Undergrad: 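My structure is below; once you've seen it, I'll send some questions.
Note that ligands are numbered from 1 as they come in the structure, with each ligand's atoms numbered from 1 the same way. Owing to the predicted nature of the structure, the values given are computational and were not obtained by experimental measurement.
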Amino acid sequence: MAERLSAEARKQALGGIPGWTEVSGRDAIGKTFVFKDFNEAFGFMTRAALVAEKMDHHPEWRNVYKTVEVVLSTHDAGGLTARDIELAKAMNAIAG
Ligand SMILES: C[C@H](O)[C@H](O)[C@H]1CNC2=NC(N)=NC(=O)C2=N1
């Protein structure tokens, strides 16, 4: 099973994924993506969903019109792991 990231490791990892911050009150990271319109937002979710499924690592997310709020945490590990960082990077790349 993936190991939870140390304080130092997560600080360093967050530096490499623009827009992602620690979620207060739980061991997770989050980002709110804002797109041009609903089509762009849902297109992002569709592409991200395919990557997430391939990784077998799934986001917690919420879509309202052109925004997508994402929270990443590794449920099996009870907190933040390298798998979350990997998916966050992929999501940033997909969003462009
Ligand atoms: C059995 C399956 O591999 C696990 O339940 C996977 C699925 N997707 C997952 N997604 C996330 N975010 N955390 C997990 O621990 C997790 N575990």
Undergrad: Kindly give the heavy-atom pair with the smallest separation between A88 and I29, and that separation in Å.
TA: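 Distance-wise, the nearest heavy atoms are CB-CD1, 4.1 Å.
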Undergrad: Can you pull out every ring-ring contact (aromatic ring centres under 6.0 Å, His included) where at least one residue sits in residues 41-64? Sequence neighbours excluded, please.
TA: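 Checked against ring-ring contact (aromatic ring centres under 6.0 Å, His included) - neighbours excluded - the pairs reaching residues 41-64 are F33-F44, F35-F44, F38-F42.
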Undergrad: Can you produce the list of protein nitrogen or oxygen atoms under 3.5 Å from a nitrogen or oxygen of ligand 1, alongside each distance?
TA:
residue  : atom   : partner : partner atom : Å
ligand 1 : 3 (O)  : D56     : OD1          : 3.4
ligand 1 : 3 (O)  : D56     : OD2          : 2.3
ligand 1 : 8 (N)  : D56     : O            : 3.4
ligand 1 : 8 (N)  : H58     : ND1          : 2.8
ligand 1 : 10 (N) : H58     : N            : 3.0
ligand 1 : 12 (N) : H58     : O            : 2.8
ligand 1 : 12 (N) : S73     : O            : 2.9
ligand 1 : 13 (N) : H75     : N            : 3.1
ligand 1 : 13 (N) : H75     : ND1          : 3.3
ligand 1 : 15 (O) : H75     : N            : 3.1
ligand 1 : 15 (O) : D76     : N            : 2.8
ligand 1 : 15 (O) : D76     : OD1          : 3.2
ligand 1 : 15 (O) : D76     : OD2          : 3.3
ligand 1 : 17 (N) : D76     : OD2          : 3.2

Undergrad: What's the verdict on side-chain hydrogen bond (donor to acceptor under 3.5 Å, both in side chains) for N92 and K31, showing C-alpha distance, side-chain angles and the deciding distance?
TA: CA-CA 10 Å; N92 274 12; K31 177 172 178 175; 3.0 Å; yes
Undergrad: Do M91 and V70 have side-chain heavy atoms sitting under 4.5 Å apart?
TA: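 Touching, per the 4.5 Å side-chain cut-off.
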Undergrad: Check whether any side-chain N or O of T74 sits under 3.5 Å from a backbone N or O of D76 as a donor-acceptor pair, and report yes or no.
TA: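 Checking the backbone N and O of D76 against the side chain of T74, no donor-acceptor pair under 3.5 Å is found.
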Undergrad: How close do R4 and G79 get, counting heavy atoms only, and between which atoms?
TA: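 Between these two residues, the closest heavy atoms are NE-CA, 4.0 Å.
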